[in-house]
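Numbers for residues simply follow the sequence, beginning at 1. On a predicted model such as this, the values are computed, not experimentally measured, just so you know.
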Amino acid sequence: MDSLQIYADNSDEEDLSHQPSTQSADSSPPRLIPSKSAAPKVDDTMLALTAAEARQAQSRPIDPTQHVVAFNPTYDQLWAPTYGPAHPYAKDGIAQGMRNHKLGFVEDASIDSFVFDEQYNTFHKYGYAADPSGSNYIGDLDALQKNDAISVYNIPQHEQKKRKIEREKDEDEVDPTEVDNPATDVWLMKNKRSPWAGKKEGVQTELTEEQKKYAEEYAKKKEEKGHKGEKGEHVVDKTTFHGKEERDYQGRSWIAPPKDAKATNDHCYIPKRLVHTWSGHTKGVSAIRFFPKYGHLILSAGMDTKVKIWDVFNSGKCMRTYMGHSKAVRDISFCNDGTKFLTAGYDKNIKYWDTETGQVISTFSTGKVPYVVKLNPDEDKQNILLAGMSDKKIVQWDINTGQITQEYDQHLGAVNTITFVDNNRRFVTSSDDKSLRVWEFGIPVVIKYISEPHMHSMPSISLHPNTNWLAAQSLDNQILIYSTRERFQLNKKKRFAGHIVAGYACQVNFSPDGRFVMSGDGEGKCWFWDWKSCKVFRTLKCHEGVCIGCEWHPLEQ
């Protein structure tokens with residue numbers, strides 16, 4: 001095998017040596033012959049440019065301002081972002097601010113709604129319309145020729161005349177029986193009247209018997225209703241005397257004050273224990289008032305429609321009951337000398353009573369519920385009565401004549417209190433509208449209006465004995481103090497709180513020496529505060545229910 005291999009190698013070498021050497025000394029150098037083309041020479045730069053442009057067009061995004069695309073774009077081009085790469089937060093490549101529609105940006109069509117309506121209606125009537133993109137028409141071109149390209153909004157004059165004649169012809173052809181029959185459309189068309197046609201001056205026919213009877217009944221009913229609304233409900237006035245005798249052995253009346261009653265209250269003290277309970281009302285008591293100056297009698301207004309007067313010093317019994325209201329009594333008020341008093345009831349009546357005999361001297365009513373009654377405290381104006389009504393007015397009557405002499409009408413809610421200040425020249429009223437208004441007596445113009453956002457309704461107001469301050473029970477469980485001087489400012493330093501009165505018109509009052517402020521509360525307690533320090537002095541548990549009224553005896557300490 002080895003010898004064979006060697007042999008093969010040798011034979012290869014021999015073959016190589018037998019090959020003639022190309023790079024021999026006498027061999028000639030190689031020649032390059034240029035190739036020749038028989039085709040004519042062509043400039044192909046334009047072709048290259050065109051091909052490049054086509055490629056570029058394929059890759060370039062479409063310009064959004066262009067309205068016509070000259071080639072078929074690919075899907076990628078149609079959905080490529082407007083400029084630059086896709087925005088990470090902009091959906092569909094349109095930034096949020098550029099959208100005016102859910103699907104992107106919609107351009108306004110430059111066509112008026114009137115123009116559109118005209119073409120739309122013309123197309124539906126005649127079958128042709130103007131092409132919005134150019135000046136030619138689309139649709140039924142024969143009809144266009146025939147109608148001379150008119151639209152529905154410019155019918156020529158002769159066409160309108162023709163229509164009118166046709167309408168009249170239609171009317172002439174109407175069946176006379178149909179004209180007389182109100183059930184037909186023809187009658188309706190004939191008798192259609194314009195809303196501003198004048199009233200027909202027809203002669204009024206006589207009423208039939210039945211109609212007359214009905215009209216009379218109706219008038220009577222209305223009159224009764226009117227009277228009822230106008231005045232309060234009428235009740236027979238009754239009174240009962242419960243004492244031993246109306247006059248004593250000297251002929252003095254039972255309401256005469258005791259001779260020895262002297263004021264001993266230069267310095268007042270807070271009560272410590274319950275001395276007496278007057279019981280006789282079958283329902284709640286809404287107001288209590290001491291007899292003016294002496295306090296030997298106490299008047300109480302009950303929800304049981306009765307007003308009772310009680311003895312304070314001697315027997316402590318009920319002296320007289322006054323029954324003249326058909327519903328609960330809301331407010332009571334003595335005149336200056338205590339010989340007469342006013343009551344206001346939910347039966348819409350205000351009654352003026354003689355304290356001694358129990359006779360009703362006069363009755364007043366406007367047909368609205370009186371919430372508060374007051375006589376003018378001036379000695380020479382004891383015949384003038386003010387009443388705060390549920391219809392937002394304060395009405396002023398002259399008791400002697402029974403006439404309404406003035407109406408103070410500015411409040412926006414029912415009037416709750418009337419308090420005379422400034423030597424009775426002015427009075428302050430509070431109302432459900434959460435405001436205080438100050439009036440000159442006799443002039444129905446507000447001279448001071450107090451209404452703050454933090455104010456609540458003030459259902460009870462009373463005057464400090466030195467007449468410089470007003471205490472107002474506010475329904476947010478506090479007593480606010482207002483000055484009665486010119487400005488009627490809120491005294492921010494004095495504020496009495498701690499009791500719960502929200503929802504109740506608990507009366508607020510002062511001790512005669514002005515050192516204590518007192519008020520009932522919603523839980524039956526009576527609260528006493530020190531006027532100077534505004535601290536709670538004492539609370540007494542007085543009643544099971546609400547303690548609505550509290551009064552300090554005018555003479556006792």
Exercise: do Gln489 and Ser483 side chains pair donor with acceptor under 3.5 Å: no
Polar side-chain atom of Ser460 near backbone of Gln473 as donor-acceptor pair, under 3.5 Å: no
Phe420 and Leu463, any side-chain heavy atoms less than 4.5 Å apart: no
Closest approach of Val285 to Ser300 (non-hydrogen atoms, all atoms of both residues): CG1-CB, 4.0 Å
Listed once per pair and sorted, the side-chain hydrogen bond (donor to acceptor under 3.5 Å, both in side chains) pairs that draw on residues 288-298, sequence neighbours left out: Arg289-Asp331
Over 12 foreign heavy atoms within 6.0 Å of OH, Tyr214: no
Non-hydrogen side-chain atoms of Thr419 and Thr484 separated by less than 4.5 Å: no
Closest non-hydrogen atom pair between Gly402 and Phe364, with its separation: CA-CE2, 4.0 Å
Donor-acceptor pair, side chain of Ser462 and main chain of Val508, under 3.5 angstrom: yes
Thr355 side chain to Thr339 backbone, donor-acceptor under 3.5 Å: yes
Arg495 and Leu480, any side-chain heavy atoms less than 4.5 Å apart: yes
From Ile361 atom CD1 to Ile399 atom CD1, the distance as rounded to the nearest 0.5 Å: 8.0 Å
Heavy-atom donor-acceptor pair, Ser390 side chain to Val369 backbone, under 3.5 Å: yes
Side-chain donor/acceptor of Asn383 to backbone N/O of Asp398, under 3.5 Å: no
Lys213 NZ: over 12 foreign heavy atoms closer than 6.0 Å: no
Over all atoms of both residues, closest heavy-atom pair of Pro444 and Tyr408: CA-CD2, 3.5 Å
Stepwise side chain to side chain donor-acceptor pair (under 3.5 Å) test for Thr240 and Thr321: CA-CA 5 Å; Thr240 317; Thr321 304; 5.5 Å; no
Under the side chain to side chain contact (heavy atoms under 4.5 Å, CB included) test, residues paired with Tyr153 that sit two or more places apart: Phe114, Asp117, Glu118, Asn121, Ser151
Trp531 vs Phe496 side-chain heavy atoms within contact, under 4.5 Å: yes
From Met518 atom CE to Arg538 atom CZ, the distance as rounded to the nearest 0.5 Å: 12.5 Å
Salt bridge (charged side-chain N to carboxylate O under 4.0 Å, His left out) contacts touching residues 296-307 (sequence neighbours left out): none
From Trp527, Phe510, Phe537, residue fulfilling ring-ring contact (aromatic ring centres under 6.0 Å, His included) relative to Phe516: Phe537
Working for side chain to side chain contact (heavy atoms under 4.5 Å, CB included), residues Val312 and Phe291: CA-CA 10 Å; Val312 174; Phe291 194 90; over 6 Å; no
Over all atoms of both residues, closest heavy-atom pair of Ser519 and Cys506: OG-CB, 4.4 Å
Pairs touching residues 424-437 that satisfy salt bridge (charged side-chain N to carboxylate O under 4.0 Å, His left out), sequence neighbours left out: Asp422-Arg425, Asp422-Arg426, Arg426-Glu440, Arg426-Glu486, Asp433-Arg437
Full working for side chain to side chain contact (heavy atoms under 4.5 Å, CB included) between Lys308 and His281: CA-CA 8 Å; Lys308 290 176 181 280; His281 283 289; 3.9 Å; yes
Main-chain N/O of Asp378 paired with Asn376 side-chain donor or acceptor, under 3.5 Å: yes
Donor-acceptor under 3.5 Å (Ser431 side chain, Gly413 main chain): yes
Met319 CE to Asp311 CG distance, which is reported to the nearest 0.5 Å: 5.5 Å
Intermediate values then yes/no, side chain to side chain contact (heavy atoms under 4.5 Å, CB included), Val428 and Ile450: CA-CA 10 Å; Val428 182; Ile450 306 166; over 6 Å; no
Reported SG-to-CD1 distance for the pair Cys534 and Ile481, which is rounded to 0.5 angstrom: 7.5 Å
Non-hydrogen side-chain atoms of Ile548 and Ser286 separated by less than 4.5 Å: no
Salt bridge (charged side-chain N to carboxylate O under 4.0 Å, His left out): pairs with one or both residues in residues 515-527, sequence neighbours excluded: Asp513-Arg515, Glu523-Lys525
Over all atoms of both residues, closest heavy-atom pair of Trp397 and Ala387: CZ3-CB, 3.8 Å
Student check: side-chain heavy atoms of Lys220 and Glu217 closer than 4.5 Å: no
Inter-residue atom distance Leu386.CG - Met389.CE, 0.5 Å rounding: 10.5 Å
Worked verdict on Thr343 versus Tyr322 for side chain to side chain contact (heavy atoms under 4.5 Å, CB included): CA-CA 10 Å; Thr343 60; Tyr322 307 89; over 6 Å; no
Flag, side chain of Lys368 to backbone of Asp391, donor-acceptor distance under 3.5 Å: no
Over 12 non-hydrogen atoms of neighbours within 6.0 angstrom of NZ in Lys283: no
More than 12 heavy atoms from other groups under 6.0 Å of CD on Glu210: no
Salt bridge (Lys or Arg N to Asp or Glu O under 4.0 Å) partners for Lys494, two or more places apart: none
Cys318 side chain near Trp278 side chain, heavy-atom distance below 4.5 Å: no
His456 side chain near Gln478 side chain, heavy-atom distance below 4.5 Å: no
Aromatic Tyr346 / basic Arg330 pairing, under 6.0 angstrom, 45° off normal: no
Geometric class of the Phe341/Trp353 ring pair [parallel <30°, tilted 30-60°, perpendicular >60°]: parallel
Heavy-atom closest pair, residues Ser474 and Met458: CA-CG, 4.3 Å
Side-chain (Glu407) to main-chain (Lys393) donor-acceptor, under 3.5 angstrom: no
Main-chain N/O of Gly545 paired to His543 side chain as donor or acceptor, under 3.5 Å: no
Reported CZ-to-CD1 distance for the pair Phe441 and Ile384, which is rounded to 0.5 angstrom: 4.0 Å
